[in-house]
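Throughout, numbering of the chain's residues begins at 1 and tracks the sequence. What you see is a predicted model; the values in this text were computed from it and never measured.
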Amino acid sequence: MLLPLSIRELIKRLLELKFSKELKKKFHSLPDYAHTPGSIYAKLKADKKTLHAMRFYDEKGYPIIEIAYHNEPSINGGKGGNILHIHRYDGLNRKSAELMSLHPEIKLKYKKYLEEFGLYE
(Lines give C-alpha, C1' and ligand atoms only; values in the text may rest on other atoms or scores of the structure.)
Protein backbone atom coordinates (compact mmCIF):
# COMPACT_ATOMS: atom_id res chain seq x y z
CA MET A 1 0.00 0.00 0.00
CA LEU A 2 1.36 3.42 -0.93
CA LEU A 3 1.23 6.13 1.69
CA PRO A 4 0.62 9.77 0.75
CA LEU A 5 3.85 11.36 -0.46
CA SER A 6 5.35 14.52 0.98
CA ILE A 7 5.91 17.34 -1.50
CA ARG A 8 9.67 16.70 -1.31
CA GLU A 9 9.21 12.98 -2.06
CA LEU A 10 6.77 13.77 -4.86
CA ILE A 11 9.24 16.15 -6.51
CA LYS A 12 12.03 13.60 -6.07
CA ARG A 13 9.93 10.90 -7.74
CA LEU A 14 8.89 13.20 -10.57
CA LEU A 15 12.52 14.04 -11.21
CA GLU A 16 13.34 10.33 -11.22
CA LEU A 17 10.45 9.52 -13.56
CA LYS A 18 11.87 7.28 -16.24
CA PHE A 19 10.48 7.48 -19.72
CA SER A 20 10.52 4.19 -21.58
CA LYS A 21 10.66 6.23 -24.81
CA GLU A 22 14.24 7.08 -23.86
CA LEU A 23 14.92 3.40 -23.24
CA LYS A 24 13.40 2.26 -26.53
CA LYS A 25 16.39 0.08 -27.32
CA LYS A 26 15.63 -1.99 -24.22
CA PHE A 27 11.86 -1.74 -23.78
CA HIS A 28 8.97 -1.85 -26.22
CA SER A 29 6.64 -1.39 -23.27
CA LEU A 30 6.90 -0.71 -19.56
CA PRO A 31 9.02 -3.20 -17.63
CA ASP A 32 7.24 -5.95 -15.70
CA TYR A 33 9.66 -5.56 -12.79
CA ALA A 34 11.68 -2.53 -11.65
CA HIS A 35 15.27 -3.17 -10.63
CA THR A 36 15.12 0.13 -8.74
CA PRO A 37 12.47 -0.34 -6.03
CA GLY A 38 9.86 2.42 -5.75
CA SER A 39 10.39 3.48 -9.37
CA ILE A 40 7.88 5.07 -11.68
CA TYR A 41 8.05 4.37 -15.41
CA ALA A 42 6.08 6.25 -18.04
CA LYS A 43 5.54 5.51 -21.71
CA LEU A 44 4.69 8.48 -23.88
CA LYS A 45 2.79 8.62 -27.15
CA ALA A 46 4.61 9.50 -30.39
CA ASP A 47 4.24 13.26 -29.72
CA LYS A 48 6.56 12.77 -26.69
CA LYS A 49 4.17 14.80 -24.50
CA THR A 50 1.00 12.75 -24.09
CA LEU A 51 0.94 9.95 -21.55
CA HIS A 52 0.25 6.44 -22.83
CA ALA A 53 0.81 4.64 -19.51
CA MET A 54 2.56 5.17 -16.19
CA ARG A 55 3.41 2.28 -13.88
CA PHE A 56 4.23 2.58 -10.18
CA TYR A 57 6.38 -0.05 -8.45
CA ASP A 58 6.61 -0.99 -4.78
CA GLU A 59 9.68 -1.18 -2.57
CA LYS A 60 10.36 -4.73 -3.79
CA GLY A 61 10.22 -3.71 -7.46
CA TYR A 62 6.80 -5.24 -8.22
CA PRO A 63 4.17 -3.18 -10.05
CA ILE A 64 1.38 -1.79 -7.89
CA ILE A 65 -0.80 0.15 -10.29
CA GLU A 66 -0.73 1.38 -13.86
CA ILE A 67 -2.46 4.57 -14.92
CA ALA A 68 -3.15 4.51 -18.64
CA TYR A 69 -4.54 6.90 -21.23
CA HIS A 70 -5.22 5.02 -24.44
CA ASN A 71 -7.90 3.00 -26.20
CA GLU A 72 -8.96 0.11 -23.93
CA PRO A 73 -11.07 -2.55 -25.68
CA SER A 74 -12.24 -4.11 -22.41
CA ILE A 75 -13.87 -0.77 -21.49
CA ASN A 76 -14.95 0.86 -24.75
CA GLY A 77 -14.94 -2.09 -27.13
CA GLY A 78 -11.92 -0.71 -28.98
CA LYS A 79 -13.85 2.34 -30.16
CA GLY A 80 -13.84 5.88 -28.89
CA GLY A 81 -10.17 6.74 -28.58
CA ASN A 82 -8.15 7.46 -25.45
CA ILE A 83 -9.73 6.74 -22.10
CA LEU A 84 -8.21 7.30 -18.65
CA HIS A 85 -8.15 4.01 -16.77
CA ILE A 86 -6.16 1.93 -14.31
CA HIS A 87 -4.83 -1.59 -14.00
CA ARG A 88 -4.12 -2.93 -10.54
CA TYR A 89 -1.47 -5.60 -9.99
CA ASP A 90 -1.20 -8.68 -7.83
CA GLY A 91 2.51 -9.47 -7.97
CA LEU A 92 3.25 -9.58 -11.70
CA ASN A 93 -0.36 -10.36 -12.65
CA ARG A 94 -2.19 -7.41 -14.20
CA LYS A 95 -5.90 -7.24 -13.45
CA SER A 96 -8.66 -6.06 -15.78
CA ALA A 97 -8.91 -2.40 -16.69
CA GLU A 98 -11.13 -0.14 -14.59
CA LEU A 99 -12.30 3.37 -15.45
CA MET A 100 -10.42 5.98 -13.45
CA SER A 101 -13.68 7.90 -12.97
CA LEU A 102 -14.97 4.99 -10.83
CA HIS A 103 -12.09 5.47 -8.40
CA PRO A 104 -11.94 9.11 -7.24
CA GLU A 105 -9.70 8.12 -4.31
CA ILE A 106 -7.06 6.76 -6.71
CA LYS A 107 -7.40 9.78 -8.97
CA LEU A 108 -6.84 12.07 -5.99
CA LYS A 109 -3.90 9.99 -4.73
CA TYR A 110 -2.09 10.33 -8.07
CA LYS A 111 -3.31 13.88 -8.78
CA LYS A 112 0.17 15.41 -9.07
CA TYR A 113 1.22 12.85 -11.67
CA LEU A 114 -1.98 13.26 -13.66
CA GLU A 115 -1.59 17.05 -13.58
CA GLU A 116 1.88 16.72 -15.12
CA PHE A 117 0.23 15.29 -18.23
CA GLY A 118 -2.89 17.48 -18.16
CA LEU A 119 -5.13 14.54 -17.24
CA TYR A 120 -6.55 15.75 -13.96
CA GLU A 121 -9.99 17.33 -14.25
Taking C-beta and beyond as the side chain, do [X] and [Y] meet within less than 4.5 Å on heavy atoms?
X      : Y      : answer
Phe56  : Ile65  : yes
Leu92  : Tyr62  : yes
Lys107 : Tyr120 : yes
Tyr33  : His35  : yes

Next on the checklist: Check the orientation of Tyr110 and Tyr113. Use parallel for under 30°, tilted for 30 to 60°, and perpendicular for over 60°.
Outcome noted: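 The rings of Tyr110 and Tyr113 sit tilted, inter-plane angle from 30° to 60°.
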Next on the checklist: To check you understand the geometry: which heavy-atom pair defines the closest contact between Ser101 and Pro104, and what is its length?
Outcome noted: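 Looking at all heavy atoms of both residues, the closest pair is O-CD, 4.1 Å.
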Item to check | For the student: nearest non-hydrogen atoms of Ser39 and Ala34, plus distance | outcome: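 That would be CB-CB, 4.1 Å.
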Item to check | Stepwise side-chain contact (heavy atoms from CB on, under 4.5 Å) check, Asn76 with Lys79 | outcome: CA-CA 6 Å; Asn76 63 8; Lys79 300 174 184 172; 5.6 Å; no
Following the transitive rule for hydrophobic clusters with a side-chain heavy-atom cut-off under 4.5 Å over Ile, Leu, Val, Met, Phe, Trp and Tyr, establish whether [X] and [Y] coincide in one cluster.
X     : Y      : result
Tyr89 : Ile40  : no
Leu30 : Ile83  : no
Ile86 : Leu108 : yes

Spacing of [X] atom [atom1] and [Y] atom [atom2] [to the nearest 0.5 Å]:
X      : Y      : atom1 : atom2 : answer
Lys45  : His52  : NZ    : NE2   : 5.5 Å
Glu72  : Glu98  : CD    : CD    : 11.0 Å
His103 : Ile67  : NE2   : CD1   : 11.5 Å
Leu44  : Met54  : CG    : CE    : 9.0 Å
Ser96  : His87  : OG    : NE2   : 8.5 Å
Lys112 : Glu116 : NZ    : CD    : 9.5 Å

Next on the checklist: Suppose we screen for salt bridge (charged side-chain N to carboxylate O under 4.0 Å, His left out). Which residues come up paired with Glu66, at least two apart in sequence or across chains?
Outcome noted: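 With sequence neighbours excluded, Glu66 shows a salt bridge (charged side-chain N to carboxylate O under 4.0 Å, His left out) to Arg55, Arg94, given in chain and number order.
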Checklist entry - Which residue, Leu84, Asn82, Thr50, Leu51, forms the side-chain contact (heavy atoms from CB on, under 4.5 Å) with His70? => result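 Running side-chain contact (heavy atoms from CB on, under 4.5 Å) over Leu84, Asn82, Thr50, Leu51 with His70 returns exactly one hit, Asn82.
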Item to check | Glu105, CD atom: more than 12 neighbouring heavy atoms under 6.0 Å | outcome: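 Atom CD in Glu105 is crowded, with more than 12 foreign heavy atoms closer than 6.0 Å.
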Item to check | Short side-chain to backbone donor-acceptor contact, Asp90 and Asn93, under 3.5 Å | outcome: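 No, because the side chain of Asp90 does not come within donor-acceptor range (under 3.5 Å) of the backbone of Asn93.
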Checklist entry - For Asp32, does its backbone N or O pair with a side-chain atom of Tyr57 as donor and acceptor, under 3.5 Å? => result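 A pair under 3.5 Å: no.
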